[in-house]
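What follows is a short report on a single structure.
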Amino acid sequence: MKKALIVVDVQNDFCEGGALAVPEANSIIPYVNLLMEDTTYDEIILTQDWHPANHKSFASNNGRKVGEVINLNGLPQFMWPDHCVQGTSGAEFHPDLNIKNVTHIVQKGKNTEVDSYSGFQDNNHFMKTDLEDYLKFKDIEIVEIVGLALDYCVKYTCLDAANAGFITCLHFKGTKAVNAQPGNDKDAIFQLLENNVTILS
C-alpha cells in the first residue's frame with residue numbers, strides 16, 4: 001500500500017522565538033527530518049498556516065485578549081496572537097526543516113472568516129483544501145502525521161484523515177502540544193485513539 005508523510009505547520013511562528021511558540025517545538029525537527037529521509041514514503045506533504053493579516057482568529061482584529069473565546073460564524077474561536085501571516089518570516093518553514101524531498105505543499109487558513117486547523121478543510125467544514133484529492137489521486141492508503149501542534153492542527157488533520165478513509169498514524173515523537181488549556185495534549189491522544197488513529201511511539 002502506498003503511504004504518505006504529512007508534516008503539519010513546522011513554521012517559524014510555532015517554533016522557538018515565534019509569535020505562537022509551541023513548547024519544545026524545535027526538539028521534534030531532527031526526528032521529522034529523519035522521517036523525511038525515509039524512502040518508503042511515496043509522498044511527503046507539508047501543510048502551512050497562511051493567514052491574511054486581517055484574519056478573525058487573531059485577538060488583535062477583534063479587540064480581544066489572547067486566550068479569550070468568541071463566537072465566529074457559529075463556532076467557538078480561541079483568540080490567538082497574530083501568527084503565520086502571509087509573506088512574513090513567521091509563516092516560513094523553519095530553516096532546520098529539510099524540505100528537499102517534499103512533493104506537495106498545502107496552504108490553509110487563507111479565509112479571513114474562519115480558522116483552519118486541519119490540513120484537509122476549514123473548521124466550519126465549508127471549504128476543503130486539495131489534500132484529500134491529492135492523496136487519492138496518488139493512490140495513497142496510509143498517512144503518517146507529525147508536526148505542530150498536537151492539540152490543534154495535528155489532531156484535526158489526523159481526525160480528518162481517518163474520516164476520509166485513510167489508515168492514519170501519528171508519530172508521537174514528531175509532535176508537541178501548545179496546551180493552551182492544561183491537559184489538552186492528553187485529551188487529544190484519547191480523542192485520536194477513539195477515532196481509529198494509531199499512535200506510533
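Relative orientation of the H83 and F14 rings is tilted, given thresholds of 30° and 60° on the angle between their planes. Taking the six-membered ring where the residue is Trp, W80 and F78 present tilted rings, their angle falling between 30° and 60°.
Checked by atom type and distance alone, the side chain of Q48 never pairs as donor or acceptor with a backbone atom of Q11 at under 3.5 Å.
A 4.5 Å side-chain heavy-atom check between T129 and Y134 finds every atom pair outside the cut-off. Side-chain contact between M79 and V66 is absent, with no heavy-atom pair separated by less than 4.5 Å.
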Could you walk me through whether F93 and I105 pass the side chain to side chain contact (heavy atoms under 4.5 Å, CB included) check? CA-CA 11 Å; F93 297 112; I105 295 173; 4.0 Å; yes
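Few gaps surround CD on E113; more than 12 heavy atoms of other groups in view lie less than 6.0 Å from it.
The line from SG of C158 to CG of L192 is 5.0 Å long, rounded to the nearest 0.5 Å. Between the CD1 atom of I70 and the CG atom of N62 there is a distance of 4.0 Å, given to the nearest 0.5 Å.
Scanning both residues, P23 and A177, for their nearest heavy atoms gives CD-O, 3.6 Å. D151 approaches A188 most closely through the heavy-atom pair CA-CB, 4.0 Å. Between N123 and L75, the closest heavy-atom pair is O-CD1, 3.3 Å.
The pair K108-D9 meets the salt-bridge criterion, with a side-chain N (NZ, NE, NH1 or NH2) lying under 4.0 Å from an Asp/Glu carboxylate O.
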